[in-house]
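Both counts, for ligands and for their atoms, begin at 1 and track the order of listing.
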Amino acid sequence: MELDEVTISRAIAESYIKEFLAATEVDVAIVGAGPAGMTAAYYLARGGTKTAVFERQLRPGGGMPGGGMLFNRIVAQEAGKTLLDEFEIRYEQYAPGYYTADALEAVSTICSRAIRAGAKIFNSISVEDVMIRDDDRITGLVLNWSAVSLAGMHVDPLAIKSQVVIDATGHSTEICRIIENKIGARLMTTTGGVVGEKSMWAERGEAEILDNTREVYPGLLVAGMAANAVFGSPRMGAVFGGMLLSGKRAAELALTMLKPER
Ligand code: 48H
């Protein structure tokens with residue numbers, strides 16, 4: 001049988017649209033497919049929660065593939081190792097309490113486990129705005145192709161609804177900043193806005209990330225580096241255990257926020 005280019009094209013376009021349409025109303029929408037966002041997606045999807053992740057870049061992984069300063073290894077501490085075990089990512093003990101893993105194995109494994117659990121990751125899509133309703137709650141995301149903004153084209157976006165949104169955008173805390181810019185100082189932080197990340201202190205950054213992983217605006221959770229940035233905690237360098245643990249915590253919290261009729 002000959003391969004027909006039009007059939008290939010229709011197969012790609014139709015199957016993509018089918019998945020995109022399915023994602024127009026989800027339980028949880030996650031912004032950012034870094035380690036925190038993908039870990040949250042894995043835990044949510046595993047429990048049957050309808051979960052979509054939107055990632056600006058062509059490739060998932062966020063800051064993880066670059067390891068530390070492009071040395072593509074990551075470090076996890078004792079608590080973070082439990083998540084390496086969960087994902088079956090191989091690691092070596094470097095010193096007591098310090099475990100190293102291949103950054104690309106970590107990214108590809110978490111990504112694969114999240115997708116196979118049922119999460120849908122949409123790459124090359126940027127979240128450029130949110131939907132807020134009168135009762136002061138985030139109700140969805142406003143999306144556009146990343147290529148549109150890269151090309152500087154004026155193209156209006158599309159929108160999706162979500163019961164819960166997770167800001168897992170890393171250092172830039174983009175979803176929290178959108179809320180701060182558009183509706184003012186209404187975040188559940190000490191200032192009402194993004195407090196801003198503090199200088200590197202691995203011990204404290206990792207110690208505070210789980211407490212910072214919480215609801216920051218009605219319907220909006222924050223996870224990963226964005227959690228420390230929004231609440232004013234330190235960065236921690238290339239130790240990734242906290243990112244994975246924060247993603248897991250965000251998933252657990254999101255489940256408690258979903259309406260019972262699901
Ligand atoms: C769609 C977006 C948008 C948007 C951003 O940076 P990440 O890897 O974030 P985390 O929190 O999973 O992990 C942080 C870690 O990588 C890190 O930077 C650490 C530990 N730093 C410590 C230190 O001291 O420096 O991933 C965030 C993802 C990226 O892939 C972005 O492209 C994506 O979010 N993203 N996607 N729409 N508006 N904004």
Tell me which protein heavy atom sits closest to [atom], plus the residue, atom name and distance to 0.1 Å.
atom                    : result
atom 11 (O) of ligand 1 : Met225 N, 2.8 Å
atom 36 (N) of ligand 1 : Arg56 N, 3.0 Å
atom 26 (O) of ligand 1 : Gly34 CA, 3.4 Å
atom 37 (N) of ligand 1 : Val127 N, 2.9 Å
atom 15 (C) of ligand 1 : Phe240 CE2, 3.8 Å
atom 5 (C) of ligand 1  : Thr169 CB, 3.5 Å
atom 27 (C) of ligand 1 : Ala168 O, 3.4 Å

Backbone, side chain, both or neither: what part of Ser246 comes under 4.0 angstrom of ligand 1, heavy atoms only?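 For Ser246, no heavy atom sits under 4.0 Å from ligand 1.
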Ligand 1 versus Phe54, non-hydrogen atoms closer than 4.0 Å: side chain, backbone, both, neither?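 Near ligand 1, Phe54 shows its backbone, while the atoms from C-beta on stay back.
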Atoms in ligand 1 flagged as close to [X], the criterion being non-hydrogen separation under 4.0 Å:
X      : answer
Ala36  : 11 (O), 12 (O)
Gly224 : 11 (O)
Met243 : 11 (O), 13 (O), 14 (C), 20 (C)
Gly170 : 6 (O), 9 (O), 11 (O), 27 (C)
Gly32  : 28 (C), 33 (C), 34 (O)
Val31  : 1 (C), 4 (C), 37 (N)

Any carboxylate oxygen within less than 4.0 angstrom of a Lys/Arg side-chain nitrogen, looking at Glu86 and Arg46?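 Salt bridge flag = yes for Arg46 with Glu86.
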Is any side-chain N of the basic residue among Asp102 and Arg90 closer than 4.0 Å to the acidic one's carboxylate O?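 No, Asp102 and Arg90 are not salt-bridged.
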What pair of heavy atoms forms the shortest contact from [X] to [Y], and how long is it?
X      : Y      : result
Ile209 : Met243 : CD1-CE, 3.5 Å
Asn228 : Pro234 : ND2-O, 3.0 Å
Ile175 : Ile138 : CG2-CD1, 4.2 Å
Leu143 : Pro157 : O-CB, 3.0 Å

What residues form a side-chain contact (heavy atoms from CB on, under 4.5 Å) with Val107, not counting sequence neighbours?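 Partners of Val107 by the side-chain contact (heavy atoms from CB on, under 4.5 Å) criterion, ordered by chain and then number, come out as Met38, Met64, Pro65.
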Quick check with a 6.0 Å cut-off and a 45 degree axis cone: is Arg214 positioned over the face of Phe231's six-membered ring?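 Relative to the ring axis of Phe231, which defines the angle, Arg214 lies inside both limits.
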Does the structure place the NZ or CZ of Lys120 under 6.0 Å from the centre of the six-membered ring of Phe122, at an angle of no more than 45° from the ring's axis?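 Judged by the rule (NZ or CZ under 6.0 Å from the ring centre, within 45° of its axis), Lys120 counts as positioned above Phe122.
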Within 6.0 angstrom of Gln93 CD, more than 12 heavy atoms from elsewhere: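 Yes, CD of Gln93 has more than 12 neighbouring heavy atoms, counting only those of other groups under 6.0 Å.
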Can you tell which of [options] gets a heavy atom nearest to [atom]?
atom                    : options                        : result
atom 20 (C) of ligand 1 : Pro35, Gly63, Gly237           : Gly237
atom 31 (C) of ligand 1 : Glu55, Met200, Gln57           : Glu55
atom 21 (N) of ligand 1 : Glu128, Arg235, Met236, His171 : His171

Hey, what else clusters with Met131 if you join Ile, Leu, Val, Met, Phe, Trp, Tyr whenever side-chain heavy atoms sit under 4.5 Å?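 Besides Met131, the cluster holds Val142.
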Report the distance from atom CG of Leu220 to atom CD1 of Ile179, rounding to the nearest 0.5 Å.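 Result: 5.0 Å between the selected atoms.
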Run the contact test for Ile125 against ligand 1 with a 4.0 Å cut-off on heavy atoms, strictly below, and give the result.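 Yes, that is the case, since the closest heavy atom of the residue is under 4.0 Å from the ligand.
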